[in-house]
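What follows is a single structure, written as C-alpha cells, with notes after it.
Just so you know, residue 1 is the first one in the sequence shown, and it goes up from there. Given the structure is predicted, the values throughout are model-derived calculations rather than measurements.
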Amino acid sequence: MKTSNENSVITKKDLNKMFWRSLPMEFSWHYERQMHMGFCTMISDGLRKIYKNDPEGLKKALQRHLEFFNITPHVSTFVGGITLAMEEMNANQEDFDESSINAVKAALMGPLSGIGDSLLLGTLRVLAVGIGTSLALQGSILGPILFLLIFNIPAFALRYICAMKGYELGATYLEKIQKSGMMQKFMLAAAILGVMVIGGMTNELVSVSTPLAIGSGDSATKIQSILDGIMPGMLALGVTGLYYKLLGKNVNVMWIIIGTAILGIICAQFGILA
C-alpha cells in the first residue's frame, strides 16, 4: 500500500494484523472505559513499529489509547487506520499536537456508531435472523448456515475495507490538512463534535431524576419537569461531572461505587432521587 506520506512505515501486512486483532475487541469491554483495551491491543503492533526507536514515545502512545473508547466493532478498524496515520505524523513532526489524536477518535465514535449500529445490527442482523429463523422452523439446516453467512460476510468485508481505507484516508488527507494550515480548524471542529458526542452519551446512558414536587395534589409542579425545561439531562450531566471530578482527583473507583450505592439508598428512602 502506497500513500502520499513518504515517511510511512505501516504496510498492508500491518493493517491485516490490525484487522485480525479487531475481532476480539469486545472481550475486555467494561463500563468504565468500555472498548479502550481492545482498541489499544488492535493497533499495538502498528504503534511498536512506528515508535521502534522511541521507547518513551511508544509508552505515551499506549497510555494515550487507554482513554475511553466505544464504537460499533465492525467499523473500529476505520478509526484504527486513521489513528495509526496520525501516530506516524506525531512520530515524524515535532510540533504535532498529540491531543488531536484522541480528539479525532472521540469525534468519529458517534457518527460511525450511528451508521454501524443502524446498518449492521439494526438492519443486516435482523434480516439474517429473519431468513435463518424461517428456514430453521421448517427443519432446514440452511437456517443457521445462512444466518451466519448473510451477516458475517458483509460484516467481515466492511471491517477489512475500513482498515485499509482508514489508514489511506488518514495518511493522505491529514498530511494535506497539516501542510495547508487547516489542522487547527479541523481539530477545533473535531473537539466540538467530540464534546457533543460525550454529552449525548451522558444523557442516554446516565439516568438520574427526582420525584420531588412543589405543592400537592393535581396542581403540584414536578421539579424534574422544571429542570428538563431548563436543560434536559441536567441531573445526569451533574452526576457525570461529579464522577469525572472525583476520578481526576484519583479517588479509588471502589469508594466511588460504594458511596454511590449508599447515596442511592438514602435518596430512594427519602424520595429525593429516582
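Around CD1 of Ile230, the count of heavy atoms belonging to other residues, nucleotides or ligands within 6.0 Å exceeds 12. Residue Met254 places its CE atom among 12 or fewer non-hydrogen atoms of other residues, nucleotides or ligands, all under 6.0 Å distant. By the neighbour-count criterion of 12 heavy atoms within 6.0 Å, atom CH2 of Trp20 is sparsely surrounded, having that number or fewer from other residues, nucleotides or ligands.
Using a 4.5 Å cut-off on side-chain heavy atoms (C-beta onward), Leu169 and Phe78 make contact. The shortest side-chain heavy-atom distance between Ile131 and Phe147 does not fall under the 4.5 Å cut-off. Contact annotation: the side chain of Met35 approaches that of Pro73 to within less than 4.5 Å [non-hydrogen atoms, C-beta and beyond]. Between Leu247 and Val253, some side-chain heavy-atom pair lies under the 4.5 Å cut-off. Side-chain atoms of Arg159 and Cys162, non-hydrogen and from C-beta on, never get closer than 4.5 Å to each other. Ile10 places a side-chain heavy atom less than 4.5 Å from the side chain of Ile50. Between Met109 and Phe69 the shortest side-chain heavy-atom distance falls below 4.5 Å. For the pair Asn70/Ser113, no side-chain contact is recorded, criterion being any heavy-atom separation below 4.5 Å from C-beta on.
Looking at Ser225, its side chain does come within 3.5 Å of a backbone N or O of Lys222 through a donor-acceptor pair. In this structure, the side chain of Gln224 engages the main chain of Thr210 through a donor-acceptor pair within 3.5 Å. Under the 3.5 Å distance criterion, the side-chain polar atoms of Ser140 are left unmatched by any main-chain donor or acceptor of Ala136. The backbone N or O of Leu148 lies less than 3.5 Å from a partner atom in the side chain of Asn152, making a donor-acceptor pair. With hydrogens and angles ignored, the 3.5 Å screen pairs a side-chain donor or acceptor of Asn102 with a backbone N or O of Arg64. A distance-only check finds a donor-acceptor pair linking the side chain of Thr123 to the backbone of Ser118 [under 3.5 Å].
Considering all non-hydrogen atoms of both residues, Ala61 and Tyr51 come closest at CB-CE1, 3.7 Å. Residues Ala128 and Ile150 come closest through the heavy atom pair CB-CG2, 3.8 Å. Taking each heavy atom of Thr77 and Ala163 in turn, the nearest pair found is OG1-N, 3.4 Å. Annotation for Phe19 and Ser22: closest pair O-OG, 2.6 Å, computed over non-hydrogen atoms. Considering all non-hydrogen atoms of both residues, Pro154 and Leu149 come closest at CD-O, 3.8 Å. Taking all atoms of both residues into account, the shortest heavy-atom contact from Val79 to Lys105 is CG1-CG, 3.8 Å.
Note that CG of Leu246 and CD1 of Ile256 are 5.0 Å apart. Values are rounded to the nearest 0.5 Å. Rounded to the nearest 0.5 Å, atoms CG (Leu108) and CD1 (Ile71) are 7.0 Å apart. Distance OG/Ser76 to CD/Glu26: 9.0 Å, rounded to 0.5 Å. Atom CG of residue Leu119 and atom CZ of residue Arg125 lie 13.0 Å apart, to the nearest 0.5 angstrom. Here Leu15 contributes atom CG and Leu84 contributes atom CG; the two are 7.0 Å apart, rounded to the nearest 0.5 Å. Considering CG of Leu62 and CG of Leu47, their distance stands at 6.0 Å, rounded to 0.5 Å.
Asn92 and Glu88 form no side-chain donor-acceptor contact under 3.5 Å, judged by distance and modelled atom types alone. If you check the side chains of Thr83 and Tyr167, you find no donor sitting under 3.5 Å from an acceptor.
No salt bridge links Lys60 with Glu98; every basic N to acidic carboxylate O contact stays at or beyond 4.0 Å.
When the side chains of ILVMFWY residues are joined at heavy-atom separations under 4.5 Å, either directly or via intervening members, Val126 and Ile145 end up in two distinct hydrophobic clusters. Linking Ile, Leu, Val, Met, Phe, Trp and Tyr whenever their side-chain heavy atoms come within less than 4.5 Å leaves Ile161 and Met18 in two separate clusters. The hydrophobic cluster containing Ile141 does not contain Leu135, counting ILVMFWY residues as joined when their side-chain heavy atoms lie under 4.5 angstrom apart, directly or transitively. One hydrophobic cluster holds both Val208 and Leu242 under the rule that ILVMFWY side chains link at heavy-atom gaps under 4.5 Å. Using a 4.5 Å cut-off between side-chain heavy atoms of Ile, Leu, Val, Met, Phe, Trp and Tyr, with links allowed through other members, Leu142 and Val129 fall into different hydrophobic clusters.
Paired with His65 under the rule side-chain contact (heavy atoms from CB on, under 4.5 Å), one option of Met37, Glu87, His36, Met42 passes, and it is Glu87.
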Handout entry: Intermediate values then yes/no, side-chain contact (heavy atoms from CB on, under 4.5 Å), Thr11 and Asn16
Key = CA-CA 9 Å; Thr11 64; Asn16 285 334; over 6 Å; no
Handout entry: His74 vs Phe151, ring pair (Phe, Tyr, Trp, His ring centres under 6.0 Å): CA-CA, chis, key distance, verdict
Key = CA-CA 11 Å; His74 311 86; Phe151 178 73; 5.8 Å; yes
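Residue pairs that meet the salt bridge (charged side-chain N to carboxylate O under 4.0 Å, His left out) test with at least one member in residues 42-52, sequence neighbours left out, are Asp14-Lys49, Arg21-Asp45, Asp45-Arg48.
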